[in-house]
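Values below: all heavy atoms of this structure, side chains included; hydrogens, waters and symmetry mates excluded. Every chain is numbered from 1, with letters handed out A, B, ... down the list of sequences. This structure is a prediction, so every number in the text was calculated from the model and none was measured.
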Amino acid sequence: MDPKPCCTICPEYADTPYVGLDMTLFIRKFLSEEEFHDNFNTNDLVNKALVCFSLEDKKPPWKLWGFAYNNPGVEHAEITVLQELSKFWRSNCMKKDSQYKITLYATYSPCLNCCEEICRFLNNKKEKVILNLNISRFYNFHDIDNKISLKILRKYGVQIKMMDLEDFKACFYLFVDPKEQFEPCEELNVHCERNAIELDHLWHELTVDLQLLGHRHTIRFTYDHDQRYDLALVIVESLWGIVKRKMRNIRPNNADELKAAIKATWASITPEQCHRLITSMPRCIDAVGMLGLSEYLEASGQQLEERGLN
DNA sequence: ATTTTCAAT
């Protein structure tokens, strides 16, 4: 059995010199029923990722659709899909006043890098683009980055949902052919419910992985739902890569100490680093400006002033 | 952790 997906390249791309993508992208092709069940499966171990995608404007039919697998060691599936969408954007006249909707059904939640690429993709669009991301299971949720990245995506307005029975069904009927009746895999509802709860927790918690700081266990603590605090923490989280490096030698003993350490670390972030955040996350910073959160951004007040946000 | 996770200890 070949563990890789069947490797026929779409005829219309047969002479396209794709590097690293030629075996993983399928445009206007349906999944086989077997592929669907192998990948959109909440029970078995799956060491590959699959993303089904569709692009539509206000009226049907889909402008572009298909699916992509990851290219082992080269590219995650999301990147392949984004590249294809970008290519479509470049080679078609997109109407500025139109509203585009991208729907993704992904077997794994996107990693930090993929989330950043999704943000970049959305940032580059002048048109209104709604992105619906339906996820079948979490990707390596032990790694804090894969949680924080979802929060960043959400702040960007991406509609994120852990797939429920209806979503699996919808994905099946949209992307599989030939197909029989949809058969949910065992325990699907149980897994879906757990996933939905997990995602809801994620939205309402600041999760900090103390393993990174030399502790053995991950500590999860909730913060209040005050929107200002929420946003401030999301900004801290978005800078987590920097914070992580800066906090290497700090050993907080409890959640309060940890919070204080994060706050202090945040305050020590340089304007240059903050500038990088501002340019990569304008929507987040806009929200900060609107809500008068600049006190949380003292270290970068200069940058905010320049942009007229405080 | 529910968890072998976009492979390859």
Open item on the list: Is it the case that the base of B/dC6 and the side chain of A/Glu75 share a donor-acceptor contact (distance under 3.5 Å, atom types as modelled)?
Closed with: no

- [ ] Could you please name the option among B/dA7, B/dT2, B/dT4 that lies closest to any side-chain atom of A/Leu45?
- [x] B/dT4

TODO: Return the value, rounded to whole Å, for the distance between atom CD of A/Glu117 and atom P of B/dC6.
DONE: 19 Å

Task: Spacing between A/Glu193 atom CD and B/dT2 atom C1', to the nearest angstrom - done: 14 Å

- [ ] For B/dA7, take OP1 and OP2 only and decide whether either is under 4.0 Å from a side-chain N or O of A/Asn70.
- [x] yes

Task: Separation of B/dC6 P from A/Phe53 CZ (nearest whole Å) - done: 22 Å

Task: Residue A/His76, side-chain heavy atoms: nucleotide from B/dC6, B/dA7, B/dT2 that is nearest - done: B/dC6

Open item on the list: Judged by each residue's nearest nucleotide on DNA chain B, which is more toward the 5′ side, A/Pro110 or A/His191?
Closed with: A/His191

Open item on the list: Between P on B/dA7 and OH on A/Tyr108, what's the gap in Å once rounded to a whole number?
Closed with: 10 Å

Task: Residue mapping more 5' on DNA chain B - nearest nucleotide basis, A/Val46 or A/Thr42 - done: A/Thr42

Task: Rounded distance in Å - CG (A/Asn47) to C1' (B/dT9) - done: 14 Å

TODO: Can you tell me the distance, in whole Å, between the CZ atom of A/Arg137 and the P atom of B/dC6?
DONE: 10 Å

- [ ] Give me the one residue out of A/Arg154, A/Arg194, A/Lys147, A/Met162 that meets side-chain contact (heavy atoms from CB on, under 4.5 Å) with A/Leu199.
- [x] A/Met162

- [ ] Provide the distance between the two C1' atoms, one in B/dT4 and one in B/dT9, to the nearest whole Å.
- [x] 12 Å

TODO: Name the closest nucleotide to the A/Ala49 side chain, picking from B/dC6, B/dT4, B/dT2.
DONE: B/dC6

Open item on the list: As a test of reading the structure: which of B/dT2, B/dC6, B/dA7 is closest to the side chain of A/Pro72, going by heavy atoms?
Closed with: B/dA7

Task: Short side-chain N/O contact to B/dC6 OP1/OP2 from A/Tyr139, under 4.0 Å - done: yes

- [ ] Could you pull out all residues at least two apart from A/Glu56 that satisfy side-chain hydrogen bond (donor to acceptor under 3.5 Å, both in side chains)?
- [x] none

- [ ] May I have the distance from A/Asn41 (atom CG) to B/dT2 (atom C1'), rounded to whole angstrom?
- [x] 14 Å

Open item on the list: Measuring centre to centre across the rings, with the benzene-like ring taken for any Trp, is A/Phe88 within less than 6.0 Å of A/Trp62?
Closed with: no

TODO: Classify the ring geometry between A/Phe182 and A/His37 as parallel (under 30°), tilted (30 to 60°) or perpendicular (over 60°).
DONE: parallel

- [ ] Round to the nearest Å and state the distance from A/Asp38 atom CG to B/dC6 atom P.
- [x] 16 Å

- [ ] Select base, sugar-phosphate, or nothing to describe what A/Ser109 touches, counting heavy atoms under 4.0 Å on all strands.
- [x] base

Task: Qualifying residues under side-chain hydrogen bond (donor to acceptor under 3.5 Å, both in side chains), relative to A/Lys161, sequence neighbours excluded - done: A/Asp164, A/Asp167

